[in-house]
Amino acid sequence: MLRGVPASLFNVLFYPHEPLNDRMRNSRLSLSLAVAFVSGLLWSSMPTSTLAQKQNSESPNATPAQSVEPVVDIPPPPSEQADVSEINFGAIVRVEVDTKQPNYRVPWNIGGMGNGVGTGFLVGDNRFVTNAHVVSNNRLIYIKKTNDPRPYKARVVNVAHDCDLALLEIENSTEFKTAFSGVEPLVIGDIPKLNTTVIAVGYPIGGERISVTRGVVSRIDFRPYSHSGVDFHLTIQVDAAINPGNSGGPVLQDNKVVGVAFQGYSGAVAQNTGYMIPVPVVERFLKDTADGTYDHYVDLATQTLNVLNPAQRIALSLPNDDVGVMVTEADPAGPAGSILKTGDVLLSIDGHVIASDGFIEIEGERVNLNEIIERKFAGDMVALEIWRDGARQDLKIELERFLPYLIQANTYDKQPDFVLFAGLQFQPLDRNLMAAHNISDLQVRYFYSYYSSEGLYRERPEVIILTAVLPDSANTYLQPYVHKVIDTINGKKIRVLQDVWDALHGDFSEKGHEDFHVIRCLGEGRPLVMERATAREAHDRIMAKYNVNFDNHIEVPEILSVEGLFDDIDDDASDKDDTKEKKQEKSAKSAPEAIKSASAR
């Protein structure tokens, strides 16, 4: 489909064997010859008297008008744009990774082992950039230099799963100084222009020798990053081959890095369509990690609607100038939650006029308005001009990270959280869990889909699901409760996974049912009931039967770090005095030391 393809790119696609400037030169030459030929015929057919009259009528001092050809910005031929002979191949490395994949179906298992190959490049003193998905869930990383058979053990310094970038270093600094002596880091360039040539360098399909492929920049757009599954950032589409193994490798123009190869479509979806992470995203990552920590992207946490319909603009009392997008929702947990209102129209952001399709102009390119937010950091201010109640207003908003959306993000480098008791397996809801257990329960899917937009996180920072029942005589006929949302256990409201552990192992009970564990699920009239003495005896038997080495892994959910949202997280419906200090003490004793070490890593 050629809709939206620039005319110059259309010519390149359909005339790939002839440089664009040669074709245009040939076209002009042919046109000039044709005009000259026709003029000669007309001149020779004129009568002599007519010619004389024409010559006499011309002033001897007259100067013929000079024709001015329009200036056409024609890119130089590919041979001049991408000369590989000057590429600093010594700064481009092969990244070999052994991985340990978490098992969300059987969370106490180690998980499957695997390995993969990617590419990286030197950007500073013992600092190599690669993709986050290359080193995710790693247990061992080696860097290999071009024309050097020796592998160098490396480690992750910083990883940004929200923009699919990671920073590596060789563990032994002496080895780095020896192996990379005299090697200059690659220079970071700028955003390349459309229809200019770039080259991708890397180790595709796990090859041992370095590979160089050439392509054309075909689109600059705001698109999703597949690694996290929820984040959108600026991307650049190229028709260079981006294959497994190219990931993390530099995309070069004039021997400067203009992007990092990171994702593409398979041949079954689209042909010759690959994507690279552009310079603004790379530079932001490097600046963010300069202090040794990664603070993540900030978010305005606001949804907008393009205001293109004339009747809609009249209803909002907006002038018909194709400016502005309407706020449909400002999440209460986001930085704009108490400032922007539904129905507000955003007219400009940091002085950039917002078109009615949600685009602004930066550095000569039309990009999504979110690109302004993309380039800012936590604590930065953004200036907005809005239209509210028929009048213009100026606002300033301090930006911060938005956490509730992470429930729908892919999770990496983390041991699955769970509690196992008498064969009942409890886990917090997230994207990895939904995929592993293929949950179709409508109530669970409601919490998953509307956790952020409906503010469900305020009542349940973690949505706890009964994900499995390990069969035993003590838990027969409980299978219908699998994939249900847990509401209370022994009278205790379940808001985080730690509550499950406390309710089952602490002094909690429903009045009149002190000898039983009573588990109530949302939407279920009848509770799940187990006799306490039988459950305690069955717990040890089930762990031995199913070779379970530890019965829980609990980490404090990151969303609890949002100040002011969960002040009453320790409040309890029961009258039991279970203080925060006691909870922390129980939590510290609940998980084996080996698991704590793994989670710290």
Side-chain angles (χ1 to χ4, degrees), residues 107-108 417-429 443 447 456-470 472 474-478 480-543 548 550-557 559-560 566-592:
W108 61 85
D417 287 341
F418 76 100
V419 168
L420 184 68
F421 180 78
L424 307 182
Q425 181 173 291
F426 303 91
Q427 293 176 268
L429 179 65
Q443 192 160 53
F447 274 93
L456 303 180
Y457 52 83
R458 292 180 176 275
E459 182 181 0
R460 302 177 191 277
E462 286 187 309
V463 180
I464 306 303
I465 311 297
L466 177 63
T467 55
V469 176
L470 304 186
D472 185 81
N475 55 37
T476 54
Y477 306 109
L478 298 184
Y481 294 93
V482 171
H483 294 175
K484 299 298 181 181
V485 178
I486 304 301
D487 187 24
T488 64
I489 297 179
N490 295 333
K492 180 177 177 62
K493 188 74 171 180
I494 304 303
R495 302 183 65 189
V496 292
L497 187 61
Q498 183 65 50
D499 291 337
V500 175
W501 175 269
D502 294 342
L504 292 171
H505 294 84
D507 188 18
F508 291 92
S509 64
E510 285 193 359
K511 187 175 181 180
H513 303 95
E514 288 78 6
D515 295 333
F516 297 90
H517 289 298
V518 181
I519 302 172
R520 299 187 181 274
C521 304
L522 285 179
E524 293 293 319
R526 293 189 304 171
L528 184 160
V529 180
M530 299 180 68
E531 191 176 0
R532 286 180 180 261
T534 303
R536 181 69 265 173
E537 179 184 347
H539 181 74
D540 296 332
R541 180 175 66 246
I542 291 171
M543 289 193 62
V548 180
F550 53 98
D551 62 6
N552 76 90
H553 179 270
I554 304 172
E555 292 185 3
V556 177
I559 193 173
L560 292 184
F566 314 105
D567 293 338
D568 60 343
I569 191 66
D570 290 327
D571 292 347
D572 203 288
S574 68
D575 54 359
K576 303 296 181 181
D577 183 20
D578 193 9
T579 64
K580 184 176 181 181
E581 290 75 19
K582 290 181 179 179
K583 288 184 180 181
Q584 292 175 340
E585 183 180 353
K586 281 192 263 186
S587 177
K589 294 179 180 179
S590 63

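Note that the structure is a prediction, hence the values are computed from the model and not measured. Numbering of residues begins at 1 and proceeds along the displayed sequence.
When side chains are defined from C-beta on, P107 counts as touching Q427, because their heavy atoms get closer than 4.5 Å. The closest side-chain heavy-atom distance from V419 to I554 is below 4.5 Å. In this structure, the side chains of Q443 and K484 stay at 4.5 Å or more apart for every pair of heavy atoms. Side-chain contact between L522 and R460: present, with at least one pair of heavy atoms (C-beta onward) separated by less than 4.5 Å.
Shortest non-hydrogen contact noted between A503 and I489 is CB-O, 3.5 Å. Nearest heavy atom pair, residue F421 against residue A535, reads CE2-CB, 3.9 Å. Between P461 and V496 the shortest heavy-atom distance is CB-CG1, 4.1 Å.
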Could you walk me through whether L466 and I486 satisfy the side chain to side chain contact (heavy atoms under 4.5 Å, CB included) test, starting with their C-alpha distance in whole Å, then the side-chain angles of each, then the deciding distance to 0.1 Å, before giving a yes or no? CA-CA 7 Å; L466 177 63; I486 304 301; 4.0 Å; yes

### Message
Before you tell me yes or no, could you show the steps for S509 and E514 under side-chain hydrogen bond (donor to acceptor under 3.5 Å, both in side chains), namely the whole-Å CA-CA distance, both residues' side-chain angles and the distance that decides it to 0.1 Å?
### Response
CA-CA 5 Å; S509 64; E514 288 78 6; 4.7 Å; no

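The structure places CZ of F426 at 4.5 Å from CG of L424, a figure rounded to the nearest 0.5 Å. To the nearest 0.5 angstrom, D499 atom CG is 8.0 Å from F508 atom CZ. Here the CD1-CD distance, from I559 to E462, works out to 9.0 Å after rounding to the nearest 0.5 Å. To the nearest 0.5 Å, atom CD of residue E531 and atom CZ of residue R536 are 14.0 Å apart. With rounding to the nearest 0.5 Å, the separation of CZ in F418 from CG in N552 is 6.5 Å. The distance from the NE2 atom of H517 to the CG atom of L528 is 11.0 Å, given to the nearest 0.5 Å.
No donor-acceptor distance shorter than 3.5 angstrom exists from the side chain of N490 to the backbone of E510, with no hydrogens or angles considered. Panel note: side chain Q425, backbone L420; no donor-acceptor pair is recorded below 3.5 Å. Although no hydrogens or angles enter the test, the distance criterion places no donor-acceptor pair under 3.5 Å between the side chain of D417 and the main chain of L497.
In terms of the side-chain contact (heavy atoms from CB on, under 4.5 Å) criterion, residue partners of A538 (sequence neighbours excluded) are, by chain and number, D472, A474, R541, I542.
Checking R520, K492, R495, K493 one by one against D487, the salt bridge (charged side-chain N to carboxylate O under 4.0 Å, His left out) holds for a single residue, K493.
Taking the six-membered ring where tryptophan is involved, the planes of H505 and H539 are perpendicular, since the angle between them exceeds 60° and thus also 30°.
No close placement of the Y457 and F447 rings is indicated, their centers lying 6.0 Å or farther apart.
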